[in-house]
Protein chains: 2
Amino acid sequence: MGEDKPTEVTAGEELSKKALKKQQKEAEKAAKKAERKAQVQTQQDAVEQEDVSVGKYGQLTMIQSNEVHKERIFVHVKELNKQLENQTIWLRGRLHTSRAKGKQCFIVLRQQSYTVQGLAAVNEQISKQMIKFISNITKESIIDVEAIVKTVPAVIESCTQKDVEVHIQRIFVVSAAKPQLPLQIEDAARVVNEFDDTGLNIKVNQDTRLDNRILDLRTPANQAIFRVEAAVCKLFRDILTAKGFVEIHTPKIISAASEGGANVFTVSYFKGNAYLAQSPQLYKQMAIAADFDKVFTIGAVFRAEDSNTHRHLTEFVGVDLEMAFKYHYHEVVDTIGQMFTELFKGLRDNYANEIAAVHQQYPVEPFKFLDPPLKLEFSEAIELLAEAGVILGEEDDLSTPDEKLLGKLVKAKYDTDFYILDKYPLAIRPFYTMPDPNNPKASNSYDMFMRGEEIISGAQRIHDPDFLTERAKHHGIDIEKIKSYIDAFRYGCPPHAGGGIGLERVVMLYLGLDNIRKTSMFPRDPKRLTP
Amino acid sequence: MGEDKPTEVTAGEELSKKALKKQQKEAEKAAKKAERKAQVQTQQDAVEQEDVSVGKYGQLTMIQSNEVHKERIFVHVKELNKQLENQTIWLRGRLHTSRAKGKQCFIVLRQQSYTVQGLAAVNEQISKQMIKFISNITKESIIDVEAIVKTVPAVIESCTQKDVEVHIQRIFVVSAAKPQLPLQIEDAARVVNEFDDTGLNIKVNQDTRLDNRILDLRTPANQAIFRVEAAVCKLFRDILTAKGFVEIHTPKIISAASEGGANVFTVSYFKGNAYLAQSPQLYKQMAIAADFDKVFTIGAVFRAEDSNTHRHLTEFVGVDLEMAFKYHYHEVVDTIGQMFTELFKGLRDNYANEIAAVHQQYPVEPFKFLDPPLKLEFSEAIELLAEAGVILGEEDDLSTPDEKLLGKLVKAKYDTDFYILDKYPLAIRPFYTMPDPNNPKASNSYDMFMRGEEIISGAQRIHDPDFLTERAKHHGIDIEKIKSYIDAFRYGCPPHAGGGIGLERVVMLYLGLDNIRKTSMFPRDPKRLTP
C-alpha cells in the first residue's frame, strides 16, 4: 500500500459524518469535473476518518514516468480464464459501464474488444467510500485495477470473458474521461438492422462517428476492421515479397500532372507549383526500366474528384504493383490473381476472430472465392449482361450498376465474389494501354472485382517509346507534356504489366461493408478534412 | 526455328556480296536508329542469301502478348554455374558490353547485379552476319539469348559468374536502347576514390545521375541500396508486428498546420486550402486514444524547409510509431532500442550480399552496434563533449557538428555506431513533450543516433488535456488552433510515447553513404521535383 502513497490520492483512515458528506460532495465534484487537471489531487486526503480502504482507490497523479511498479503483474483481459482462478492480477482498461447496487458496484472493464465483469462489495477491506468512488468514475476513463480472478456460477453473457469475473481490491483512475460523451460506445457498436421494439435502438450517424473518431474507433467492430486492414496490407506485402517483388517508395509531390491535369491537387512548392500524384504508375514503370523486375509500393494516392459516393475518397492508400514479363501479360494477370487467392486464404485462416467481430455488428455473407480465380473476357461479360436484359456495345464501358449486376450474375453462375475481367475495349482505356494484337477493338487490360465492385485496374503498358508516342497522339495528348514519361523507355525496357489496388476498397468489399469511410481510419472526401 | 518466324525478323538464307554490303549497311542503320519503332522490321528479310543463321537473330517485333514460348527455359544469370555445363538455356538481360574480334564477338549480359560472359564465333551454325548483328546491338538493349553453358579454363574476373560462360545459339533484341547514353553504367558504378593513374576515371556527378535515374539505378550498388531499403522497411514492420503493433494509415492532407504553419506545404483543396502533414503524430496519438495500444505507420512526410543539405529532403518516408505504456516511458525507449538491435541483426544476417555490393562501390567501416543498445543521458553527452573541449550549457541543443563529434566520442569509448540519448532539455523540445518529474530543466524525451546523425526523435507525450493546454500556453501557442489536438485526450488516454524515423536516413547511415539522395529512389528537395 505504502508504495502507492506518493502518487495516489488516498482516502483518509477515519471518517466522520461530516467528513463523509464532504467526501461525497468531493466525489460528485470529481465526477463532474473529471476532465480537469489530472495532477490536481482530489483532496480526499482531507477525508481522513473511518475509511478502511485508504490507499486502495483514488485518482492517480498524471503518470509522468516517476515510478515503475515492477511488482504489478498486468494481464490482458482476453487472457482471463478459469485457469487464473484466485490469482491476484492487475488490469488496465477502460471503465465500459458501471452499476452501483446498494453495497455493491459492478463494472465492466474493457480492453480493446475484450470485456470482463468486475465487482466490489463492502466488506472489511472495501469501504462504502470506495464503492461510491468506483460508481462515480466516468465511462471511458482509463483505470488500473488490482483484482482476484473468480469463476462464476452462470455464464456472463454481456462480456467477452464469460466464465470469470474479477473481485476488485484496488482501483485507480489513470486518465479520466469527460462525463458527457458525444456518443456512447454501446450505441456505436449496436448491430445494424437489429430488430428493436423498445424504441431505444439509438443509431449513431456517420458524421457523428467521424467527428468523434477516437470514440467511434473503440467499438469492437472498428477495432477489428483496422486490424483486418493491417492484415490485408501485411498479406499483400508478404505474398509479393515471397514472389520476388521489391518494395519501393515513390514521390507524392510531382512536377507535372501526368494525365492532363484533371482531378489533380495543386501544391505550392517554394516559389512554384507542383501536384499531388494520382498514381505511382510512372515511377513503378521507371523502376521496371531500371531493372527492378517486379516492384510494389504502398502509399497515399490523391484524387481531386468531387465524388461524394460510398466508394470514393480524395486520399486513399494505393497498393500498386508492376512486373516485367517474358512474352505474355497473362504472366502478370495470373500472378495478381494468385496474390488475391492467397490474400483471401490468409484472411480466412488467420483473422477469423476479427472478421467475426466485424460481422457481429455488420452481418453479411462470407466472402467466396475460387482457386484459381475465375477469369472472364469482356465479351463474356457483355453476353452475361445481355442474357439479363442489359445490352452493351463491345466498346462500351461498364457503369457502376452494370458492374454490380454483373457481380450478381457471376456469383449466381460461378459462386465466387472475386473474378478477373480481361480484354477491356481499347477505346475506354488510357493511351499507354497495349492494344490486343489480335483484335483492334480490344486491349491487353483487365479489371478485378470483389462483390461486384472494381478493386484493381491494370494492363500491359506500352514499353516501346515510338508506339507510345503514336498512341498518345491518337488520344490527342500533347507529346511535349509527357516527354519524360516516354523517354523512360528509350534505354531498353522489358515488356511489363501491373495494376493499382485501393486498400480501403479491398477491406470494405471483403468485409461486405457499405461505405469506404468505415475502412479509412481518418477519411478524406470533398467535404471532410478533419479530424 | 520455324516457331519464331512470325515475330522475328530473320536473316536470309543466301547471301551475295552485294546483299552482304546491303545487310551491313542495314545493320549499321539499325544500330544508329535503334530507338526507332520496334515494330518496324529491320528488313533483313531482303538479305536472303548464304546466311546459315537465318532465324537465329534479329530484332523482335514489339512483344504484344501474341505468343507464349512455353518451351523456352529461362534461367537467372545468378543461377549460372558449372552444374549447368552443356545445358541449353535462355537468358533475358541487358547487353552490358560487347566486343567484336575478328570472327568472334564477346558480350557481357547483365541481369540486375549479375553478369555473365557470352560468346559467339563464326561456325557452321553462326554466320558472319549474325556476328555483325550482335556487335551492333546497342548497350543497355534488352536481349533474349539462347545459349549453351560452358565452363571456362580461367576465371572470368570481369563478371559475377566467373566459372562459366555461355555460347550463343540465338539472339534477339527485345527492346533496343538509344545508341547514345547520357551516362555509362560502368562510370556510374565506379568505386569512389579508386586510385586512378590512367586519367580515365570518369565520375558521374549527382545531378546527372538523378536526371537519368533509370540508368543510374541499374548499377550494382543502386540495385543493392534499394533492396536494403526494402529490407529495412520489411524488418521494421515484421519486428513491430511481432511486438503487437498494429499498422495504421494516416491522412497526408490535413486541415490545419499543427505547429504554427512554418515549413508546411499548402494544397488547393476544392474551394479552400489544406496542408501536407509534416508528421503523422496527431493521428498516431489519436489511435492510442482510440485503444490501438501500439501503432506504427509508414508513409510520406512533407517538410517545406529550404534546406539544401546532404540529409534533408522535402518529402521522405516516415516510419512512425507510438505506444501506450504502463508507468514509465522507458518501456517505449527500450522497445524502440530493441527494434533497432533486431533490425541491425536482421540486416547483418540476411542481407550481407546486398550490403557488400554497396560497400564494393562505396567502401566504409561496417556498422557496429551493442545488444542491448547503449543509452546515455543528455548530461553525460555534455560531459563527453566538454572533455573534448566543446562546452555546452545544460539547456543548449546539439548542433549537427556537435552530434557528429559526439558520435565519434561515443564510438571511441563504447565501440558502437548506434546509441540512445535520453533526457533532452525541456526548453528545446516541443510543447507536447512530458517534462521530467525530477528535474525541471529536463524532459522525458530522447533522440537516437546512427554514425553520429540523428535518425529518430521521440518523447513521452503529455496525455493530460489540461496540462497540455498549460504547456502550449507556456510556449505561446494559440490554444484555439490546436483545440482538436487537445480534445483528443479528453475521453481518457493512456500515457504513451513514440517517435518518428526517417527511412532514407536509416538506410544512408547504416550503409555509411554520404548523401540522402542516394537512398531516395526519386528524391525531392527544394531544387528537384523531377523525375
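Any value given below was found using the heavy atoms of this structure, including those in side chains, with hydrogens, waters and symmetry copies removed. Just so it is clear: chains get the letters A, B, ... in the order the sequence lines come, proteins before strands, and each one is counted from 1.
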Quiz item: With the threshold set at 4.0 Å, does a side-chain nitrogen-carboxylate oxygen contact exist between Glu247(B) and Arg227(A)?
Solution: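 No, no charged N to carboxylate O under 4.0 Å.
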
Quiz item: Could Asp144(A) and Lys326(B) be called an ion pair, given the rule that one side-chain N must be under 4.0 Å from one carboxylate O?
Solution: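 Here Asp144(A) does not pair with Lys326(B) in a salt bridge, since their nearest N and O are not under 4.0 Å apart.
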
I need the residue from [options] with the largest number of non-hydrogen atom pairs under 4.5 Å to chain B.
{"options": "Thr314(A), Asp487(A), Ile143(A)", "value": "Thr314(A)"}
{"options": "Pro495(A), Ala290(A), Pro531(A), Gly93(A)", "value": "Ala290(A)"}
{"options": "Phe316(A), Tyr283(A), Phe226(A)", "value": "Tyr283(A)"}
{"options": "His463(A), Arg110(A), His330(A), Glu504(A)", "value": "His463(A)"}

Choice from [options] maximising heavy atom contacts with chain A below 4.5 Å:
{"options": "Pro494(B), Ala274(B), Ala497(B), Ala324(B)", "value": "Pro494(B)"}
{"options": "Pro435(B), Pro523(B), Ala488(B)", "value": "Pro435(B)"}
{"options": "Gln112(B), Glu140(B), Gln111(B)", "value": "Gln112(B)"}
{"options": "Ser520(B), Gly299(B), Cys233(B)", "value": "Cys233(B)"}
{"options": "Lys139(B), Lys271(B), Glu305(B), Glu331(B)", "value": "Glu305(B)"}
{"options": "Thr530(B), Asp293(B), Asp436(B)", "value": "Asp293(B)"}

Between [X] and chain A, which part of the residue has a heavy atom less than 4.5 Å away: side chain, backbone, both or neither?
{"X": "Leu503(B)", "answer": "side chain"}
{"X": "Ser113(B)", "answer": "neither"}
{"X": "Ala300(B)", "answer": "side chain"}
{"X": "Ser484(B)", "answer": "neither"}
{"X": "Gln223(B)", "answer": "both"}

For residues [X] and [Y], determine if any side-chain heavy atom of one lies less than 4.5 Å from a side-chain heavy atom of the other.
{"X": "Tyr327(B)", "Y": "Gln64(A)", "answer": "no"}
{"X": "Val267(A)", "Y": "Leu276(B)", "answer": "yes"}
{"X": "Asp291(B)", "Y": "Leu217(A)", "answer": "no"}
{"X": "Pro182(A)", "Y": "Tyr491(B)", "answer": "yes"}
{"X": "Ile63(B)", "Y": "Asp464(A)", "answer": "no"}
{"X": "Arg524(B)", "Y": "Lys252(A)", "answer": "no"}
{"X": "Glu229(A)", "Y": "His249(B)", "answer": "yes"}

On a heavy-atom basis, which atom in [X] and which in [Y] lie closest, and how many Å separate them?
{"X": "Ile253(A)", "Y": "Glu315(B)", "result": "N-OE1, 3.0 Å"}
{"X": "Asn438(B)", "Y": "Asn66(A)", "result": "OD1-OD1, 3.1 Å"}
{"X": "Arg218(A)", "Y": "Gly492(B)", "result": "NH2-O, 3.2 Å"}
{"X": "Ser175(A)", "Y": "Cys493(B)", "result": "OG-N, 2.9 Å"}

Practice problem: Begin from the C-alpha positions of Phe467(A) and Met62(B) and carry the test side chain to side chain contact (heavy atoms under 4.5 Å, CB included) through to its verdict. | Solution: CA-CA 9 Å; Phe467(A) 189 50; Met62(B) 180 177 67; 3.3 Å; yes

Practice problem: Walk me through it: do Arg237(A) and Lys234(B) pass the test side chain to side chain contact (heavy atoms under 4.5 Å, CB included)? | Solution: CA-CA 9 Å; Arg237(A) 285 189 306 245; Lys234(B) 177 177 160 53; over 6 Å; no

Exercise. Not counting sequence neighbours, which residues clear side chain to side chain contact (heavy atoms under 4.5 Å, CB included) with Ser65(B)? List them please.
Key: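 Here the qualifying residues are Phe325(A), His328(A), Tyr329(A), Asn444(A), Gln460(A).
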
Quiz item: Is chain B contacted by the side chain of Val68(A), its backbone, both, or neither, given a heavy-atom distance below 4.5 Å?
Solution: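 For Val68(A), backbone and side chain are both near chain B.
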
Practice problem: Please round to the nearest 0.5 Å and tell me the distance separating atom CD1 of Ile288(A) and atom CD1 of Ile214(B). | Solution: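 Those atoms lie 12.0 Å apart.
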
Quiz item: Are any side-chain N or O atoms of Arg213(A) and backbone N or O atoms of Ala287(B), one a donor and one an acceptor, separated by less than 3.5 Å?
Solution: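 Side chain of Arg213(A) to backbone of Ala287(B), a donor-acceptor pair under 3.5 Å: no, none is there.
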
Quiz item: How far apart are the C-alpha atoms of Asp306(B) and Phe270(A), what are their side-chain angles, what is the distance that settles it, and do they pass the side chain to side chain contact (heavy atoms under 4.5 Å, CB included) test?
Solution: CA-CA 8 Å; Asp306(B) 197 3; Phe270(A) 300 99; 4.0 Å; yes

Quiz item: Under the ring-ring contact (aromatic ring centres under 6.0 Å, His included) test, which residues partner Tyr269(A), sequence neighbours left out?
Solution: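 Tyr269(A) satisfies ring-ring contact (aromatic ring centres under 6.0 Å, His included) with Phe265(B) once adjacent residues are dropped.
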
Quiz prompt | Stepwise side chain to side chain contact (heavy atoms under 4.5 Å, CB included) check, Phe522(B) with Met286(A) | solution = CA-CA 10 Å; Phe522(B) 302 103; Met286(A) 287 175 77; 3.7 Å; yes

